[in-house]
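Heads up, the thing below is written out as structure tokens.
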Number of protein chains: 2
Amino acid sequence: MTVTLADVAARAQVSPATVSRVLNGNYPVAAATRERVLRAVDELDYVLNGPASSLAAATSDLVGILVNDIADPFFGIIASAVQSEIGGPGGRAGGERMAVVCNTGGSAERELTYLTLLQRQRAAAVVLTGGASEDPEHVAAIGAKLRRLGEAGSRVVLCGRPPAEGAPDAVALTFDNRGGGRRLTEHLLGLGHRRMGYVAGPVGRTTTRHRLEGHREALAAAGVADDPRLTLHGPYDRRSGYDATVELLRREPSLTAVVAANDTVALGACAALRDRGLSIPGDVSVAGFDDLPFSVDAVPALTTVRLPLAGAGARAGRIAMGREEEPPGGIATIQGELMVRGSTGGVGSGG
Amino acid sequence: MTVTLADVAARAQVSPATVSRVLNGNYPVAAATRERVLRAVDELDYVLNGPASSLAAATSDLVGILVNDIADPFFGIIASAVQSEIGGPGGRAGGERMAVVCNTGGSAERELTYLTLLQRQRAAAVVLTGGASEDPEHVAAIGAKLRRLGEAGSRVVLCGRPPAEGAPDAVALTFDNRGGGRRLTEHLLGLGHRRMGYVAGPVGRTTTRHRLEGHREALAAAGVADDPRLTLHGPYDRRSGYDATVELLRREPSLTAVVAANDTVALGACAALRDRGLSIPGDVSVAGFDDLPFSVDAVPALTTVRLPLAGAGARAGRIAMGREEEPPGGIATIQGELMVRGSTGGVGSGG
DNA sequence: CCAGGAATAGCAAGCGCTTTCTACTGGGGA
DNA sequence: TCCCCAGTAGAAAGCGCTTGCTATTCCTGG
């Protein structure tokens, strides 16, 4: 029914071994023979059997990319960059690598399952993106899994995520979320803000904690008391920003700024403020994080911390492919850049 | 080095066949034996060899999802929905399916390559999303490839893309881009607009053509001449909308509306108008397409055509998994919904 | 003119798993 | 009491490909 290597070999009057070598191109084959084989492949419309090939060669050309939410541009941009470096239909001839984007939904359990699936497939490399769960049990489980993946020959790269405990040879490209959060809040403090609300990300995730810690560091350094009532947690979506802002305003009507976990949340915060008739930044300043493409189009444009998502993803991809050297110690910290735009202003600048 | 089925069998004092059966759970195994095997699996930290398994069973649990641009939320949302229905770590136990998101970048050639890769892996199903190239050669090549995939046992579903010629058993869930485009322009005509610019998508793609045709149908029906100088093509990005709008304004300073290929492009158009000091919709109305999440947060909120991306993706996923019946004739047309918001208004409503 | 190689091609042994067919066991009906 | 069958487990034949090693050519230098 389906065409196999042997069929091609028969048609080209050569042995299966020769066909395999023509297809893989890593062994000398006379030009005439090669051509004959290629013609047979074409005529028979032959397609290599991937599983058989992977089994025999004990390697695969799959590269897994784990993301928390594929519908979120934050991850889309990183994944896109990783993929473009992986090769896909753009890599070296013959070695068509296939990037597999896996959507974990932020669930550590699913993350683990996908890692097992990737391990099953003997993936060439695995890139984990975005913040991680901080549940000790999961951290241990994932660390162990990553170590095993590494031992089995898969290269493991973390992108935008802190180093994994228990997996020493996983390369980590970490965003300096703490530093970014600090600078953002320092900027606000510099504008005179003292009563700020903070809409944090989901509890128990590294990114959430680091950004929040940066915020608190800045407050502490400026001698401003951190009012725990003014920090609310929620998912990374617009709705969370909206609801949290409404609640923040209820708790503290004299709020002058809202710092959001990321740009999407910030947009929700803006919507809530607008709906209440408050002007931005006249009445309340708003700041985000990430600098996603739409942030510059918000009105007013969002002050935020730009993370070089595409650059980091590309670098992760290259490292995963062994085309770029690992950073010293296997860890690199990537800085964010404060982007001051229209959504933040001096206290009492309007209203 | 690596643990194999045989190792587990030895440890559990059973034959490899029995271990396989315990793992696949499709053959009676005595409870005591099963438990012994499971314990051995656990103790040995055994992970199934995917390629070997696929080879022997002649099936795989990979499902391919092809997207034009993974960094674009349009595709992210669809892919996310497909994936959630595929099962992934959420499907039926034992049958851990793995959704593979492949980024074609809109290139028909890469699309073809990915399809071959998927064919190599004997993918269980393939979902192609978004508009397709209209190059006759590519259309034929892709049609043929899809047919072959179908013949080889992969289920093929098109989501947000017109039926593929030459692949009769590929199910198609098509968006009514033409109808949506028509209704959008009718809305603008109803507001009194007569000099409208149109920022279309890339040339040679079905989506671009259909939306544009809808626009022209509406103009024709209203007896408004279509000025070809007022239609510009470009990629689906912000930049394209910005640049095209600047050019449109140059060609026709008395423009009262800009219709964009999609929301992202519309945002670029808004930015261009703002930069020129024009108010929206006072001076110029702007309309988009898709109703992506950020569109409602634009200021003013974007008038657009909402496409049920998540719903369509989910349906495509279910059909791909054989969990939902195919639409009659293998083709279903999905309607968009006109969302009238603040970015469109009557002609001369301000200035 | 012949030996020593370089250059190609083929043989055959797996890679690790699934699955058909066969073999064995114990219990219940005749 | 004996036979037959339901219930389980094992043996073994591949699945389609890769690759180490061997065999065959044919060219080259001595």
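Proteins come first, then strands; the chains are lettered A, B, ... in the order of their sequence lines, and each starts at number 1. What's counted below: heavy atoms across the whole structure, side chains too, no hydrogens, waters or symmetry copies.
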Determine, for nucleotides 8-16 of chain C in 5'-to-3' order, which nucleotides have protein heavy atoms under 4.0 Å from the base (write B), from only the sugar-phosphate (write S), or from neither (write -). SBBB--BBB
More than 12 heavy atoms of other residues, nucleotides or ligands under 6.0 Å from CD of A:Glu35: yes or no? no
Are there over 12 heavy-atom neighbours, none belonging to A:Glu43, within less than 6.0 Å of that residue's CD? yes
Pair A:Glu151 + A:Lys145, salt bridge at N-O below 4.0 Å: no
A:Thr104-A:Ser107 side chain donor-acceptor pair, cut-off 3.5 Å: no
Would you call B:Glu324 and B:Arg315 a salt bridge, taking side-chain N to carboxylate O under 4.0 Å as the test? yes
